[in-house]
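We name chains A, B, ... by the order of the sequence lines, and we start the count at 1 in each one.
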Amino acid sequence: MVKKTNKKEDITQYNDFADKFSDIQAQDIQNYRQRMYNQLPKDMTGLTVLDMGCGYGIDLPHFLSLGANIYGLDASEELIAIAKKNTPKAHVVNASFQKIPFSENTFDWVYSNYALQTVEDVDVVFQEVHRILKPKGHFVYLATHPLRQLLEKNKQGKDYYKKEVVNSVLFDGKMTIKEPAHMMTEYLNNFVIRNFNIIHYEEHFDPSAEKIRGQTYPGFMLFHLMKR
Amino acid sequence: MKKHFSYKNKSQVKKYLEVLQQFSDSKKIFYNQTRFEIENKIVLELGTRNGDDLMYYKKYAKEVHSVEPDENMYSIAQKVVQDDKLIIADFHTLPYKDNTFDVVVSRYTIPSSPHLVEIYKEVSRVLKPGGAFIFLANHPFRQYYEQQTFPKDYFKKQVVHPKLFEGLIVLNEYMYTLSEYFSDYFFSQFQLEYYTENNDSDDLESEQMNGDTYPCFFFVKARKL
């Protein structure tokens with residue numbers, strides 16, 4: 001049974017990003033944002049792109065600068081309102097990742113920055129992304145690393161296989177967000193493997209995340225997939 | 001070169017062989033996944049160990065070759081197998097011609113070598129196009145847990161020592177990250193067909209550090225492009 005996700009309280013926890021942390025983020029987030037940008041073509045003129053989980057629209061101007069026809073989608077109404085105001089040239093909509101309000105074969109690229117892990121059943125999102133992508137369309141996403149989510153399980157006897165919500169402590173404890181933990185098998189599931197080619201994989205330490213017991217472990221992973 | 005399995009006396013060797021003979025979960029998944037892939041095919045095994053897996057492959061495959069880098073393990077396996085297609089060689093310098101094999105298999109043996117990149121190159125070279133590369137290896141998350149130095153560092157190149165039977169048996173294994181297994185080179189040569197990860201039965205193949213439960217191995221089935 002899959003519980004209904006993207007409940008109101010789950011979504012509003014991200015609203016803080018916009019008002020409190022836009023300045024703190026700048027430096028740390030540049031680190032992983034650049035890794036995502038590296039996966040994009042230098043010129044996206046004529047390409048239709050969806051930023052899935054665009055938040056308050058921090059990445060939207062970059063796509064405009066590359067010449068893309070950019071759409072943004074986020075589950076938070078408040079963040080979408082800010083994104084609209086900041087980037088009027090982007091087409092932004094308030095919707096869930098599990099029911100993307102676009103028809104099939106619409107996008108050349110789907111881009112998603114630190115958003116996929118917020119959904120409990122990521123497979124539904126992969127199917128949605130596959131549906132809205134054109135054949136040979138690209139899906140590049142960055143998500144919280146499953147090893148980090150295991151270590152963030154907040155008790156003795158952590159269990160990788162157990163479905164639970166974990167607390168991610170960000171920016172030296174200034175912010176805590178609750179997200180469902182995932183295993184690597186959820187991202188490399190049969191639907192993904194059969195319907196996408198994997199172009200690239202990487203994983204890195206995230207300086208904006210908590211460093212539990214001073215240890216160094218990957219904070220995020222980045223997948224670059226292509227629809228077959 | 002560091003030995004994969006260090007031991008002080010013969011009873012440890014005996015115990016290690018007992019471990020290898022267990023019908024573990026990793027064996028179960030590996031045998032199930034290779035069963036139809038190897039039927040009437042020419043197979044190469046990386047790491048003979050005690051020869052158990054090799055005897056299984058021989059039941060179904062047309063021809064099975066196997067390389068074992070460790071001389072002691074080679075002698076032990078050769079006593080059981082008695083086959084000249086079992087030889088002493090490193091995984092990263094395979095003494096076979098290009099496009100020789102239909103299937104290359106490896107269960108728990110890749111991390112005994114520090115040469116993952118070269119192993120991929122060799123496997124890609126000796127596999128026929130469309131051939132299957134099926135391997136199971138120590139999960140990088142497990143290797144992170146197995147680090148003895150603090151603070152732990154997932155990205156630091158080092159040797160970890162999985163302990164079996166409460167330390168009676170100690171292995172020497174090279175740490176790899178998932179991004180090293182799933183490198184651009186890997187995806188340029190192989191198409192991923194199946195990925196899974198799990199624990200092995202009864203903690204016999206590994207410890208569970210800090211009382212945590214984490215995947216003990218990951219399994220990959222890939223097709224040579």
Side-chain angles (χ1 to χ4, degrees), chain A residues 35 38-39 142 145-164 181-207 209-226 228, chain B residues 25 29 33 137-158 175-200 206-223 225:
Chain A
R35 295 186 190 280
N38 289 344
Q39 300 299 316
L142 184 150
H145 198 285
L147 177 56
R148 166 176 164 191
Q149 292 197 307
L150 168 63
L151 299 171
E152 284 175 346
K153 288 184 174 179
N154 192 19
K155 62 172 175 350
Q156 289 292 306
K158 303 172 197 293
D159 185 351
Y160 181 71
Y161 305 98
K162 201 173 160 217
K163 282 262 152 217
E164 62 186 273
H182 298 283
M183 301 181 283
M184 194 52 82
T185 43
E186 293 172 62
Y187 295 102
L188 286 173
N189 69 29
N190 286 335
F191 179 82
V192 171
I193 289 173
R194 285 187 195 130
N195 294 288
F196 292 95
N197 286 337
I198 301 171
I199 309 266
H200 180 68
Y201 173 79
E202 59 187 81
E203 53 194 6
H204 299 280
F205 174 69
D206 181 353
E210 188 186 8
K211 203 173 176 182
I212 296 169
R213 299 160 96 197
Q215 298 172 156
T216 305
Y217 49 86
F220 63 83
M221 59 182 180
L222 186 160
F223 271 101
H224 184 163
L225 309 175
M226 192 176 79
R228 279 202 199 125
Chain B
D25 287 346
I29 181 174
Q33 289 289 332
N138 311 42
H139 203 294
F141 301 177
R142 165 185 166 186
Q143 293 196 309
Y144 171 79
Y145 269 91
E146 284 170 346
Q147 283 186 13
Q148 295 291 328
T149 51
F150 294 94
K152 293 181 194 289
D153 186 346
Y154 180 82
F155 300 101
K156 198 174 158 199
K157 282 267 131 222
Q158 54 184 295
M175 265 191 84
Y176 290 113
T177 63
L178 211 53
S179 47
E180 287 175 285
Y181 284 111
F182 290 146
S183 61
D184 287 356
Y185 181 78
F186 177 80
F187 290 122
S188 76
Q189 301 298 307
F190 304 101
Q191 177 154 319
L192 186 63
E193 285 193 348
Y194 184 54
Y195 172 87
T196 194
E197 55 196 9
N198 217 329
N199 285 62
D200 220 335
S206 80
E207 302 175 290
Q208 295 282 286
M209 315 274 283
N210 303 343
D212 289 359
T213 304
Y214 45 86
C216 183
F217 66 79
F218 72 103
F219 172 91
V220 165
K221 187 173 185 178
R223 190 75 47 192
L225 292 166

Tell me, do B:Gln147 and A:Gln215 make a side-chain contact under 4.5 Å, heavy atoms counted?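 B:Gln147 vs A:Gln215: side chains apart.
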Indicate yes or no: at least one non-hydrogen side-chain atom of B:Ile29 is less than 4.5 angstrom from one of B:Thr196. yes
Pair A:Lys163 + A:Glu186, salt bridge at N-O below 4.0 Å: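 Here A:Lys163 pairs with A:Glu186 in a salt bridge, since their nearest N and O are under 4.0 Å apart.
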Indicate yes or no: does B:Glu180 engage B:Lys157 in a salt bridge with an N to O separation below 4.0 Å.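 B:Lys157 and B:Glu180: salt-bridged.
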Please find out if less than 6.0 Å separates the ring center of [X] from that of [Y].
X        : Y        : value
A:His145 : A:Tyr217 : no
B:Phe218 : B:Tyr181 : yes
B:Phe141 : B:Tyr214 : no

Selection from [options] maximising heavy-atom pairs under 4.5 Å formed with chain A:
options                      : value
B:Ser179, B:Pro151, B:Pro140 : B:Ser179
B:Phe187, B:Phe150, B:Tyr194 : B:Phe187
B:Phe186, B:Phe182, B:Phe155 : B:Phe155

Tell me, for [X] versus chain B, whether the close heavy atoms (under 4.5 Å) come from the side chain, the backbone, both or neither.
X        : answer
A:His224 : neither
A:Met221 : neither
A:Asp159 : both
A:Leu150 : side chain

Part of [X] within contact of chain A (heavy atom distance under 4.5 Å):
X        : answer
B:Tyr144 : side chain
B:Phe219 : neither
B:Thr177 : both
B:Gln191 : side chain

Using a cut-off of 6.0 Å, state whether more than 12 heavy atoms not belonging to A:Arg228 lie near its atom CZ.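 Yes, the 6.0 Å shell around CZ holds more than 12 heavy atoms from other groups.
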Greatest number of heavy atom pairs closer than 4.5 Å to chain B - which of [options]:
options                      : answer
A:His204, A:Gln156, A:Met184 : A:Met184
A:Asn197, A:Leu188, A:Ile199 : A:Leu188
A:Asn190, A:Ile193, A:Asn189 : A:Ile193

Strictly distance-based, threshold 3.5 Å: is any side-chain N or O of B:Asp200 a donor or acceptor partner for the main-chain N or O of B:Asp25?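 Between the backbone of B:Asp25 and the side chain of B:Asp200 there is a qualifying donor-acceptor contact (under 3.5 Å).
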